[in-house]
Amino acid sequence: MNTLPAWARRHLAALRALLVFTVICGVLYPLAVTAVAQVPGLRHKADGSLASADGRDAGSALIGQTFTDAHGNPLVRYFQSRPSAAGDGYDPTASGASNLGPEDVVDTLPDPALVKAGKPDPNARQSLLTQVCARSKAIGAREGVDGSRLYCTGGGLGAVLSVIGPRDASGAVVRPTRVVSVNEACPATPFLATYRGVKVECHAPGEDVGAGRITPVRGGAPARPVVPADAVTASGSGLDPHISPAYARLQAGRVARARGVSADRIRVLIDRHTTGRALGFMGEPAVNVLQLNIDLDRTAPSRG
């Protein structure tokens, strides 16, 4: 005869269910998944797809990494990865995108007093457009190609104006009375001398340019830039270990010169590490940067 009160029986039943499901879901299921993951063909991926160089783990083939010196400067003898918005770059614990969109074109300029004192301004922020422009300019200089892009100034900033004046019903400025280059802090010389007959001014410290109509300027750069899009934008996860074959080929000449080998030899390595579309139709061909650099060290050791 059960002498336990109803409330005690309910608690005892709940405790038994907790113990049973703990054993099933917390012990047996993880052990079963782990056992399946050790099956030949799956074990390498389950263990992190580690890539080795000279008998040591050099990283994961599934997570990108940077190839820079102690000061963050790109090492010229290695292929460079795409930018990353995950933490300080390729941080698996901070995977994510910048969440900046195509309309993010206005920089938050730093406080000139802090700049003069040599201190960073925590409130300053580069727009997505300026980030793209700056990266493209830097890559162009590094690779010896034209790094210009549409809507970018020659100095690597977003070419954006605040056009102030009376507007029509659609919001378009009918007659500009003042024009400010929003991403060029004074005393900079604006990238454009005049706009619709009005002299373009630099952005004075603390000036609110929101009253004007924000107008990106297309400029005269090639419609198809030399520097590919993946070289100047981060992936959605911030961990993408691949670059496009176009970006890899763009870097071939620099790497060849640093290694003292022919560019053709480097291009053969790029082709060797280029994978096609998944299932033949999904995604784009890609090059795994870590695996390419490991093969590069093995077949064409650096002279330095």
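Start at 1 with the first residue, then count along the sequence. Predicted, not measured: the structure shown is a model, and the values here were computed from it.
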Using the side chain to side chain contact (heavy atoms under 4.5 Å, CB included) rule, take I266 and V261 through it: C-alpha gap first, then chi angles, then the decisive distance, then the call. CA-CA 8 Å; I266 298 299; V261 298; 3.7 Å; yes

Side chains of V226 and S148 in contact at under 4.5 Å (non-hydrogen atoms): no

Residues pairing under salt bridge (charged side-chain N to carboxylate O under 4.0 Å, His left out) where one sits in residues 104-113, two or more places apart or in two chains, turn out to be D104-R125

Identify the two heavy atoms, one from P166 and one from T177, that lie closest to each other, and give their separation to 0.1 Å. CD-CG2, 4.2 Å

Give a yes or no answer on whether the side chain of R267 reaches the backbone of G253 with a donor-acceptor pair at less than 3.5 Å. no

Candidate pair V289 and H242, rule side chain to side chain contact (heavy atoms under 4.5 Å, CB included), full reasoning: CA-CA 6 Å; V289 182; H242 300 95; over 6 Å; no

I'd like to know if L292 and F67 are part of one continuous hydrophobic network [Ile/Leu/Val/Met/Phe/Trp/Tyr, side-chain heavy atoms within less than 4.5 Å]. yes

Looking at D271 and R249, does any basic side-chain N land under 4.0 Å from a carboxylate oxygen? no

Heavy-atom donor-acceptor pair, D168 side chain to V174 backbone, under 3.5 Å: no

Side chain to side chain contact (heavy atoms under 4.5 Å, CB included) between Q251 and I243, intermediate numbers included: CA-CA 11 Å; Q251 302 181 63; I243 58 176; 3.7 Å; yes

V179 and E201, any side-chain heavy atoms less than 4.5 Å apart: no

Could you tell me whether the side chains of D264 and S262 share a donor-acceptor contact shorter than 3.5 Å? no

May I ask you to test the V33-V36 pair for a side-chain heavy-atom distance under 4.5 Å? no

Using a 4.5 Å cut-off on heavy atoms from C-beta on, say whether the side chain of V163 contacts that of Y195. yes

Over 12 foreign heavy atoms within 6.0 Å of CG, D88: no

I want to check something: taking the side chain as every heavy atom from C-beta on, are Q80 and R254 in contact at a cut-off of under 4.5 Å? yes

N73 vs T68 side-chain heavy atoms within contact, under 4.5 Å: no

Using side chain to side chain contact (heavy atoms under 4.5 Å, CB included), reason through M282 and R277 one step at a time and then give a plain yes or no. CA-CA 5 Å; M282 292 191 299; R277 294 178 171 84; 5.6 Å; no

Distance in Å, L161 CG paired with L192 CG, rounded so as to fall on 0.5 Å steps: 6.0 Å

Do L114 and K116 come within less than 4.5 Å of each other through their side chains, counting heavy atoms only? no

Just by distance, with hydrogens left out, do D240 and Y90 show a side-chain donor and acceptor under 3.5 Å apart? no

From T130 OG1 over to K137 NZ, what is the distance, rounded to the nearest 0.5 angstrom? 13.0 Å

Between R77 and V255 the two heavy atoms that sit nearest each other are O-CG1, 3.8 Å

Could you tell me the separation between the CZ atom of R175 and the CZ atom of R167, rounded to the nearest 0.5 Å? 14.0 Å

Measuring from R10:CZ to L15:CG, what's the distance to the nearest 0.5 Å? 15.0 Å

Is L157 close to C133 at the side-chain level, that is, under 4.5 Å between some pair of heavy atoms? no

Look up atom CD in Q291 and atom OG1 in T275, then write down how far apart they are to the nearest 0.5 Å. 9.0 Å

Between L129 and V200, is there a shared hydrophobic cluster once you connect ILVMFWY residues whose side-chain heavy atoms come closer than 4.5 Å? no

Are L250 and V287 connected in a single hydrophobic cluster, I mean Ile/Leu/Val/Met/Phe/Trp/Tyr linked by side-chain heavy atoms less than 4.5 Å apart? yes

Scanning both residues in full, the closest heavy-atom pair of A86 with L239 reads CB-CD2, 4.0 Å

Less than 4.0 angstrom from a charged side-chain N to a carboxylate O is my criterion; do E207 and R178 meet it? yes

CD1 (I63) and OG (S84) are apart, to the nearest 0.5 Å, by 10.5 Å

Paired with S181, the side chain to side chain contact (heavy atoms under 4.5 Å, CB included) test is passed by just one of C202, S162, P190, namely P190

Can I get a per-line list of side-chain donor-acceptor pairs under 3.5 Å for residues 209-216, giving both atom names and the distance, sequence neighbours left out?
from	atom 1	to	atom 2	distance (Å)
R213	NH1	G171	O	3.0
T215	OG1	R213	O	3.1

Do N183 and H203 have side-chain N/O donor and acceptor atoms under 3.5 Å apart? no

Provide the closest heavy-atom pair for A97 versus A85 in the form atom of the first, atom of the second, distance. C-CB, 3.9 Å

Minimum-distance pair of heavy atoms, taken over all atoms of P102 and L128: N-CD2, 4.5 Å

Donor-acceptor check, side chain of T274 to backbone of I270, threshold 3.5 angstrom: yes or no? yes

Between Q131 (side chain) and Q126 (backbone), is there a donor-acceptor pair under 3.5 Å? yes

Same hydrophobic cluster for Y151 and V106, using side-chain heavy-atom links shorter than 4.5 Å among ILVMFWY? yes

Quick check: is V76 connected to L296 through a chain of hydrophobic side chains (ILVMFWY, heavy atoms under 4.5 Å apart)? no

What closest approach, in Å, do A231 and I139 show between heavy atoms, and which atom pair accounts for it? O-CD1, 3.4 Å

Is a donor on one side and an acceptor on the other found under 3.5 Å between the side chain of N288 and the backbone of A61? yes

